[in-house]
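Encoded as C-alpha cells, the structure appears first; notes follow it.
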There are 2 protein chains.
Amino acid sequence: MPDRRARKPHYSIDVVLLTPVRGQLAVLLCRSPEGRDKWSLPWEGPRPGEALDVTAARITKGILGEDAVWREQVGAFGDGKRHPADTDLSVGFAGLIPMGTPSPVGGVYAWFPLADVPQLAPRQRQVLDSAILMIRGRMDQSPVAFRLLPQTFTLTELQQMYELLLAKRLHKASFRRALQGAWLVEPTDEWRSEGRGRPAQLYRYSPRKRRPAQRGIRLDLLS
Amino acid sequence: MPDRRARKPHYSIDVVLLTPVRGQLAVLLCRSPEGRDKWSLPWEGPRPGEALDVTAARITKGILGEDAVWREQVGAFGDGKRHPADTDLSVGFAGLIPMGTPSPVGGVYAWFPLADVPQLAPRQRQVLDSAILMIRGRMDQSPVAFRLLPQTFTLTELQQMYELLLAKRLHKASFRRALQGAWLVEPTDEWRSEGRGRPAQLYRYSPRKRRPAQRGIRLDLLS
DNA sequence: TGACAATAGTTACGACTGGTGACTAATTCG
DNA sequence: CGAATTAGTCACCAGTCGTAACTATTGTCA
C-alpha cells in the first residue's frame, strides 16, 4: 500500500486483480483509511527507474505474496476524475490470480464479486470497467482462462471458466470441438469423480504449434 | 510543439498520426531542434485539468489545423527507455488523418512511410509499433478504414485501404460478400471512370443496425 | 439388485461461412 | 471491330458452428 507520509506522487499505478470465487469473478479491494466502508483498488506511486509492470508486480506480491499469473496494461486514465492518490494520472493494470490462492488476512483486503463492488473513486471505477472489457477481448487471443485453473482440470471446469470470463453460456460440443482444433490441452491418465455421475478426465494445459490459421476478414463485429 | 522554456513536465502525450500516402501508410514526424536529421513523434506535456485525449487533439490541431477523424489511446510507456521529453512516463495516442489532408508546410513536419521511418528515441519507437499493432487489431471491431477515405469511394478503393491497413491481400469476392453482410455501405447513383476499364460505382459509408451477430468462441487465434 | 438420476463425453446433421476461380459487364485503345 | 483493362457477380466446395440426440459411467434409493 502507498506510503502516505511520502510526498504526493506524479502518477499512480492501480491494479485490478481478479480471481474466481464461488462461481463468480471477484476483484481485490483494499479498505481506505478514511472510512470503514470506503474501498479502493490497490495502488502505489512509482519508484524511480522502475518499469510500470514491475510496479504492478510489486504491488501484487506485497499483498498476496505471489505475482499474478497473467498481467496486461489497461491504459492511462487522466481526465479530472477523482482518485485516492490525488494525482493527475493513473496507469491501470489487470492481473489474474489462480483460484485457490490464499486470501490476505487482516481485514484490510477483501475479494468482491463483480456484481457487489462498492462505490469507488470515479477514476478507479473507470479502470475496473476497462480492465473487465479488456480481458473479455483478450479471451480469444490469449489463453487466459487456463491461468485461473489449477495445473490439471476437467473440461467442464475449463468451460465454466470461459463462461465466467465471457459472461455467457457455451455449448458443450462446440466448446470441445474448438478446443480440439486449437491443440491447447492434453489429457492426463487421471480421472476425478465428483459426487454423482460419470467421472471426468483431467487435462493439462499444453499448447502445441499449429498452422497459422489465417482466416479472412470479419466485418461482422463492426458497428 | 513543446515549449522548451517551460519546466520539465511529469509526463508527455505522444501522438502517432497516420495517413495513406501513395499507397503506403505514413506517420507524421517532427524535426528535433537538436539535430537536422533527428526526428520524433509530436509530443507535449499536459496542461492542468486537461483530459488526455483533449491534449492529443490539441497537438493534432496545432500541427494540421484539423483533428484526427479517429483516435484511440495506445497505452502508457514508462520503462526507462529514453524519450525527448526526458520524462518517466509517456502516454501514446494513435490518430487517423484522411487522405488528401493538406500537409503542414515549413519543413518541420514530414510524413514518413512506415518502411522508411528514421531512428527514433527508443520509447517513441515502442509507441509507434504499439500503435500500428493496435490499429490492425481494431480493424474488425471499428470502421477505421472508412475514416481514411473521402465521403464517397469505390469498393476497390475501400478494399485497397483495408489491404494497406492490414498489410495483406484480400480476395475481391470475399471482401464484397463480407461488406454486404455487414451493411456498412450504401451505393450512390454516381459512377467514376478511371482511365481504362469499366467505371466503378461510388459508395458512401452508412452503417445500419444489424443482428447482434453472436458467434461462438474462436480458439483459433490462441498462441 | 435394479431402475433412475446425474454428469461426462461423442456423434451426426444441417445451416452457414469463407476461399477461390471463372464468369459477365462496361469501358478505352489501336 | 477486337484486345486489353477494370468492375462486379456467381457458383462450387471445404470447413466451421449450433444443436440435438446419443452413449458411457457413476451414485442414489427403493
- Item | Contact letters for nucleotides 22-30 of chain C, in which S counts primed atoms plus P, OP1 and OP2 and B counts the base, heavy atoms under 4.0 Å | ---BBBSS-
- Task: List in chain and number order the residues that pass side-chain contact (heavy atoms from CB on, under 4.5 Å) with A:Q201, two or more places apart in sequence or in another chain; answer none if no residue qualifies.
- Result: A:P187, A:W191, A:Y203
- Task: Grab the CG-P distance between B:D140 and C:dG18 for me, whole Å please.
- Result: 11 Å
- Under the side chain to side chain donor-acceptor pair (under 3.5 Å) test, residues paired with A:Q159 that sit two or more places apart: A:E163
- Message: Test of understanding: with side-chain contact (heavy atoms from CB on, under 4.5 Å), list the residues that count as partners of B:R198, not counting sequence neighbours.
- Response: none
- Task: Report the distance from atom CZ of A:R176 to atom P of D:dC17, rounded to the nearest whole Å.
- Result: 17 Å
- Task: Indicate, with a heavy-atom threshold strictly under 4.0 Å, whether A:T154 touches base, sugar-phosphate, or nothing.
- Result: nothing
- Message: Applying side-chain contact (heavy atoms from CB on, under 4.5 Å), can you list everything that pairs with B:R58, at least two apart in sequence or on another chain?
- Response: B:E44, B:R47, B:E50, B:T55
- Sugar-phosphate, base or nothing in reach of A:E194, heavy atoms under 4.0 Å: nothing
- Mind calculating the distance between CZ (A:R192) and P (C:dA8) to the nearest angstrom? 10 Å
- Message: Is there a side-chain contact between B:S174 and the phosphate of C:dG18, meaning an N or O under 4.0 Å from OP1 or OP2?
- Response: no
- side-chain contact (heavy atoms from CB on, under 4.5 Å) with A:E186: which residues, sequence neighbours excluded? A:R204, A:S206, A:R208
- Item | Whole angstrom value for the distance that separates P of C:dT7 from CD of A:Q159 | 14 Å
- Task: Determine whether any donor atom in the side chain of A:R177 lies under 3.5 Å from an acceptor atom in the base of C:dT10, or the reverse, and answer yes or no.
- Result: no
- Rounded to the Å, how far apart are A:E157 CD and C:dG9 P? 10 Å
- Between B:Y11 and A:Y11, is the ring centre distance below 6.0 Å? no
- Task: Using a strict cut-off of less than 4.0 Å between a Lys/Arg side-chain nitrogen and an Asp/Glu carboxylate oxygen, indicate whether A:K61 and A:E66 qualify as a salt bridge.
- Result: no
- Query: Once you round it to whole Å, what is the distance between P of D:dT6 and CD of B:Q160?
  - Reply: 11 Å
- Task: Round to a whole Å and report the spacing from CZ of A:F175 to C1' of D:dG18.
- Result: 16 Å
- Scan for salt bridge (Lys or Arg N to Asp or Glu O under 4.0 Å) pairs involving residues 126-135 of chain A, sequence neighbours excluded, and state none if there are none. A:R125-A:D129
- Query: Between A:L179 (CG) and C:dT10 (C1'), how many Å, whole number?
  - Reply: 15 Å
- Message: Between the opening five pairs and the closing five pairs of the helix from C:dT1-D:dA30 to C:dG30-D:dC1, how far apart are the helix axes, to 10°?
- Response: 20°
Considering only distance and modelled atom types, tabulate donor-acceptor pairs under 3.5 Å from the side chains of residues 96-108 of chain B, sequence neighbours left out.
residue	atom	partner	partner atom	Å
B:T101	OG1	B:P98	O	2.8
B:S103	OG	B:W111	NE1	3.3

